[in-house]
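The structure under discussion appears below in the form of structure tokens.
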Number of protein chains: 2
Amino acid sequence: MSVQERKERERAVRERLIVATARELAEQQGWDAVTTRRLAERIEYSQPVLYSHFRGKREIIGAVALEGAAEMAAALRAGASAADGPRARVTALARAYLDFAERNPAVYDAMFQLDGGLAFAAEETPEPLKDAFAALLETLGEVAGEGVHPGLFTEVFWAALHGLATLTRAGRLPAGDAERRAELVVDRLAVL
Amino acid sequence: MSVQERKERERAVRERLIVATARELAEQQGWDAVTTRRLAERIEYSQPVLYSHFRGKREIIGAVALEGAAEMAAALRAGASAADGPRARVTALARAYLDFAERNPAVYDAMFQLDGGLAFAAEETPEPLKDAFAALLETLGEVAGEGVHPGLFTEVFWAALHGLATLTRAGRLPAGDAERRAELVVDRLAVL
DNA sequence: TTGATTGTCTAGCGGTGCTAGGATCGAATC
DNA sequence: GATTCGATCCTAGCACCGCTAGACAATCAA
């Protein structure tokens with residue numbers, strides 16, 4: 001038995017290595033540079049090994065996205081819990097979200113821009129994704145305002161943050177006023 | 001002279017054909033299906049002809065984006081001008097924006113998701129892009145609220161719409177409540 | 001020690017964006 | 001009308017992509 005366990009352990013280690021390497025490569029040189037050949041070379045195995053862990057490149061992107069979602073959820077909760085009062089909490093949450101997107105662009109892309117083959121807003125949605133949304137909901141639910149469904153409000157707030165994050169990073173919005181735009185979102189959307 | 005003029009005319013026609021075909025193919029089967037080979041086959045020329053009009057695929061995407069920006073600007077103005085009063089105008093604008101994104105997903109991607117090699121929010125930004133933003137500004141400027149810069153407000157409103165459009169179409173948000181989310185954006189962001 | 005099973009690699013498929021270099025065609029000259 | 005010559009276009013091919021079949025080596029059970 002022990003032999004088989006060791007093998008499974010080694011397989012799991014290698015799988016984490018693949019995901020971590022893909023993420024690292026993507027953050028360094030962008031997702032375009034994450035080819036199966038380069039990835040295989042970096043982990044010092046041949047290409048087909050990747051396909052014994054994942055169905056294809058999509059699934060690797062999906063794995064990075066899940067890892068990122070868990071981190072984002074933690075970052076959001078950490079940010080929000082460090083602030084007192086609804087207004088400060090929402091501001092901190094927005095800042096944490098935009099910070100995460102800016103500091104981990106490749107991971108953010110894996111989560112929301114690229115096709116990682118993940119289900120969203122559905123029954124089969126993986127737990128980390130649901131939990132990241134839940135982290136938003138925890139703080140935003142209390143500022144949705146009367147008669148507004150907390151889930152719907154969270155979706156709208158999230159969309160606004162997502163729009164800011166993506167448009168800013170793609171150079172569609174000037175980088176300078178990012179802070180003021182975030183403040184405006186908080187001030188207007190949240191009912192304090 | 002006339003001969004040269006005729007040739008230039010024919011070249012311009014062919015260039016428009018390339019852009020229109022790329023757009024059509026992208027709307028039908030997605031941008032992934034827009035390969036230089038397929039595109040060349042559809043316009044009944046060989047691949048290298050594409051490169052005598054455009055530097056590469058990026059520039060073709062950029063051309064589709066510019067065409068789309070002009071159309072979007074017109075659609076936004078048409079929508080807004082058909083409504084009376086600030087509130088109705090902003091609602092109509094938001095609806096026109098989201099409609100455009102939904103009805104022309106490939107064009108919308110060319111404009112805001114893909115790399116078309118275009119400059120944004122800068123001096124060298126092509127006119128159609130500036131004009132599309134101007135179309136937003138015309139209606140949104142009057143509901144920015146006191147002490148809020150109209151341009152900044154327009155950027156935030158735009159980001160919210162962009163977030164809704166992209167997250168909805170990517171399946172990140174359930175499609176059902178799109179209308180209610182749009183209403184919430186208008187109600188909260190605009191100062192009426 | 002043998003045989004089967006697992007694991008990994010080499011090699012290759014059909015596709016991609018893009019380009020060098022030769023063929024062809026049409027316009028301008030004699 | 002024949003001939004040059006330059007613009008125009010195409011064939012063929014490059015290096016790369018995601019992915020996989022099949023050969024090979026290492027490991028285990030008998």
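Quick note on labels: first sequence line is chain A, next is B, and so on, each numbered from 1.
The distance between atom CH2 of A:Trp31 and atom C1' of D:dC17, rounded to the nearest whole Å, is 16 Å. Separating the CD atom of B:Glu10 from the P atom of D:dA7 is a distance of 17 Å, rounded to the nearest angstrom. Between the CZ atom of A:Phe54 and the P atom of D:dG18 there is a distance of 15 Å, given to the nearest Å. We find that NZ of B:Lys7 is positioned 9 Å from P of D:dA7, with the value rounded to whole Å. Between B:Leu50 atom CG and C:dT16 atom C1' there is a gap of 14 Å when expressed in whole angstrom units. For the pair B:Leu25 CG and C:dT16 P, the computed distance is 11 Å after rounding to whole Å. Rounded to whole Å, the distance from CG on B:Leu39 to P on C:dG15 is 17 Å. Counting to the nearest Å, the C1' atom of C:dG7 and the OH atom of A:Tyr45 are 10 Å from each other.
Residues of residues 106-118 of chain B having a heavy atom closer than 4.0 Å to DNA chain C: none are found. Applying a 4.0 Å cut-off to non-hydrogen atoms, none of the residues of residues 13-23 of chain A approaches DNA chain D.
Residues passing the side chain to side chain contact (heavy atoms under 4.5 Å, CB included) test with B:Asn104 are B:Arg23, B:Glu27, B:Phe100, B:Val107, sequence neighbours excluded. Checked against side chain to side chain contact (heavy atoms under 4.5 Å, CB included), A:Pro174 has the following partners two or more places apart in sequence or in another chain: A:Arg181, B:Ala121, B:Glu155. Residues forming a side-chain hydrogen bond (donor to acceptor under 3.5 Å, both in side chains) with A:Arg38 (at least two apart in sequence, or on another chain): none. Partners of B:Tyr45 according to the side-chain hydrogen bond (donor to acceptor under 3.5 Å, both in side chains) rule, which considers only residues two or more places apart in sequence or in another chain, do not exist here. For B:Ser52, the side chain to side chain contact (heavy atoms under 4.5 Å, CB included) test picks out B:Arg11, B:Arg14, B:Val49, with sequence neighbours left out. Considering only residues two or more places apart in sequence or on other chains, A:Gln29 meets the side chain to side chain contact (heavy atoms under 4.5 Å, CB included) condition with A:Leu25, A:Ala33, A:Arg42.
For residues 119-129 of chain A, the set of pairs meeting the salt bridge (Lys or Arg N to Asp or Glu O under 4.0 Å) definition, not counting sequence neighbours, is empty. Residues in residues 113-122 of chain A take part in these salt bridge (Lys or Arg N to Asp or Glu O under 4.0 Å) pairs, two or more places apart or across chains: A:Arg58-A:Asp115. Sorted by first then second residue, the salt bridge (Lys or Arg N to Asp or Glu O under 4.0 Å) pairs that include residues 89-100 of chain A, not counting sequence neighbours, are A:Arg89-A:Glu142, A:Arg95-A:Glu179, A:Asp99-A:Arg103.
Within the 4.0 Å cut-off from OP1 or OP2 of D:dC9, not a single side-chain nitrogen or oxygen of B:Ser46 is found.
Here the side chain of A:Arg172 pairs no donor or acceptor atom with the backbone of A:Leu164 at under 3.5 angstrom.
Note that CG of B:Leu184 and NE2 of A:His149 are 12.5 Å apart. Values are rounded to the nearest 0.5 Å.
As judged by a 4.0 angstrom heavy-atom cut-off over every strand, B:Arg38 is placed among residues touching the sugar-phosphate backbone only.
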Identify each atom pair where a protein N or O and an N or O of nucleotides 19-22 of chain D are less than 3.5 Å apart, giving names and distance.
{"residue": "D:dC19", "atom": "OP2", "partner": "A:Tyr51", "partner atom": "OH", "Å": "2.9"}
{"residue": "D:dC19", "atom": "OP2", "partner": "A:Lys57", "partner atom": "N", "Å": "2.8"}
{"residue": "D:dC19", "atom": "O5'", "partner": "A:Tyr51", "partner atom": "OH", "Å": "3.3"}
{"residue": "D:dC19", "atom": "N4", "partner": "A:Gln47", "partner atom": "OE1", "Å": "2.8"}
{"residue": "D:dC19", "atom": "N4", "partner": "A:Gln47", "partner atom": "NE2", "Å": "3.0"}

